[in-house]
Amino acid sequence: MAGDDGDLAEAVGHALTGSDWSCWTTAHKSFFYSSPDQLRSAEWVLADPLTTGLGDLPIAWEISAREAPDRSVAAWRAYFTAGIPHEALTAFVLALDTRKEPAWGLDGIDAVTQFLAAADWAPDADDPEHTFWDAPMTSCWSWAVVPTGIEDQDPRPDLPGWMVWSQPELGRPYLWCAAFSHSAPQDLVGAFAESLVSPAPVARRSLPAVSESCLTVRYMP
């Protein structure tokens with residue numbers, strides 16, 4: 001709910017370069033980051049006019065991993081719009097950076113739901129095993145069929161993946177959205193979830209107007 005403070009590109013980019021990922025500018029004016037072993041990649045794509053969106057919001061970061069450097073198809077992809085708290089996305093990329101095998105995992109969705117339960121997110125009445133809401137019902141996690149365009153190495157249609165979003169007011173625009181393709185390792189998604197639902201305060205210079213009424217604000221001298 002606190003938004004990204006306009007720092008999503010810089011905060012995540014600094015985390016990646018601090019882990020020795022290389023970075024260059026693409027022909028579409030995006031910033032592409034690659035891990036030293038060339039198995040992991042992240043791209044800031046907000047400036048790319050060809051980028052699609054989630055929940056009527058343009059995608060800002062696209063992150064993926066592959067089994068071998070010469071594999072043209074990524075094993076999985078994750079997509080994040082602007083507005084996501086940069087602490088949560090940084091936790092995700094750092095977990096990806098240190099994971100020995102980035103392309104696959106065997107954990108079930110409880111690797112994610114354990115953090116939601118610990119933070120008192122409530123199961124949805126109609127889908128209690130796969131959909132969870134925060135107490136004000138302004139943010140949601142759902143293990144469901146992902147929209148067209150969420151790319152994954154598994155070509156089967158109608159595969160589930162995690163969809164996450166924040167909508168401070170029903171019927172109003174989304175604050176942010178994220179999507180993880182079917183094969184994304186659940187422990188990596190869990191790292192994102194653990195940071196996202198943490199009650200720890202975060203420092204912000206500016207707040208998104210759409211969610212100000214949902215926030216507890218403490219002014220620091």
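Given the structure is predicted, the values throughout are model-derived calculations rather than measurements.
- At a threshold of 4.5 Å between non-hydrogen side-chain atoms, the residues Val73 and Arg66 do not count as touching.
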Counting only pairs under 3.5 Å, give me each side-chain donor-acceptor contact of residues 178-190, with atom names and distances, residues two or more places apart or in other chains.
from	atom 1	to	atom 2	distance (Å)
Ser181	OG	Arg77	N	3.1
Ser181	OG	Arg77	O	3.3
Ser181	OG	Glu151	O	3.4
Ser181	OG	Asp152	OD1	2.6
His182	ND1	Pro160	O	2.8
Ser183	OG	Asp152	OD1	3.3
Ser183	OG	Asp152	OD2	2.8
Gln186	OE1	Trp162	NE1	2.8
Asp187	OD1	Arg99	NE	3.2
Asp187	OD1	Arg99	NH2	2.9
Asp187	OD2	Arg99	NE	3.0

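- A donor-acceptor distance shorter than 3.5 angstrom exists from the side chain of Thr98 to the backbone of Leu94, with no hydrogens or angles considered.
- Checking side-chain atoms of Asp7 against main-chain N and O of Glu10 turns up no donor-acceptor pair under 3.5 Å.
- The side-chain heavy atoms of Pro69 and Leu39, taken from C-beta on, include a pair separated by under 4.5 Å.
- When side chains are defined from C-beta on, Pro147 counts as touching Met163, because their heavy atoms get closer than 4.5 Å.
- Counting heavy atoms from C-beta outward, Leu196 and Trp141 have side chains that approach closer than 4.5 Å.
- A distance of 8.5 Å separates CD of Gln167 from SG of Cys177, quoted to the nearest 0.5 Å.
- Atom CG of Leu16 sits about 5.5 Å away from atom CH2 of Trp61, to the nearest 0.5 Å.
- A side-chain donor from one of Ser64 and Ser41 sits under 3.5 Å from a side-chain acceptor of the other.
- In this structure the side chain of Cys140 reaches within 4.5 angstrom of the side chain of Thr131, judged on heavy atoms.
- Here the side chain of Asp134 pairs a donor or acceptor atom with the backbone of Thr138 at under 3.5 angstrom.
- Under the 3.5 Å distance criterion, the side-chain polar atoms of Arg40 are left unmatched by any main-chain donor or acceptor of Ser34.
- Separating the CD atom in Glu129 from the CG atom in Asp110 is a distance of 11.5 Å, to the nearest 0.5 Å.
- Taking both residues in full, the closest heavy atoms of Tyr33 and Gly13 are given as OH-CA, 3.5 Å, listed atom of the first, atom of the second, then distance.
- The number of heavy atoms from other shown groups lying within 6.0 Å of CG (Asp56) does not exceed 12.
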Does the pair Phe192 and Phe80 meet the rule for a ring-ring contact (aromatic ring centres under 6.0 Å, His included), with working shown? CA-CA 11 Å; Phe192 177 77; Phe80 307 86; 5.5 Å; yes

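- Within the 4.5 Å cutoff, the side chain of Gln114 has no heavy atoms near those of the Glu194 side chain.
- Residues Gly83 and Leu8 approach most closely at N-CD2, 4.4 Å, considering heavy atoms.
- Judged by distance alone, the side chain of Ser30 and the main-chain N or O of Thr26 form no donor-acceptor pair under 3.5 Å.
- Annotation: side-chain hydrogen bond (donor to acceptor under 3.5 Å, both in side chains) contacts of Trp121 (sequence neighbours excluded): none.
- Considering only heavy atoms from C-beta on, Val12 comes within 4.5 Å of Val93 through its side chain.
- Proximity of a side-chain donor or acceptor of Ser195 to a complementary backbone N or O of Ala191 within less than 3.5 Å is not detected.
- In this structure, Leu159 and Val145 have side chains that are not in contact, with every pair of non-hydrogen atoms separated by 4.5 Å or more.
- When the shell of 6.0 Å around CZ of Phe31 is examined, it contains 12 or fewer heavy atoms from other residues, nucleotides or ligands.
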Could you walk me through whether Trp21 and Asp97 pass the side chain to side chain donor-acceptor pair (under 3.5 Å) test, one step at a time? CA-CA 9 Å; Trp21 289 40; Asp97 177 66; 2.7 Å; yes

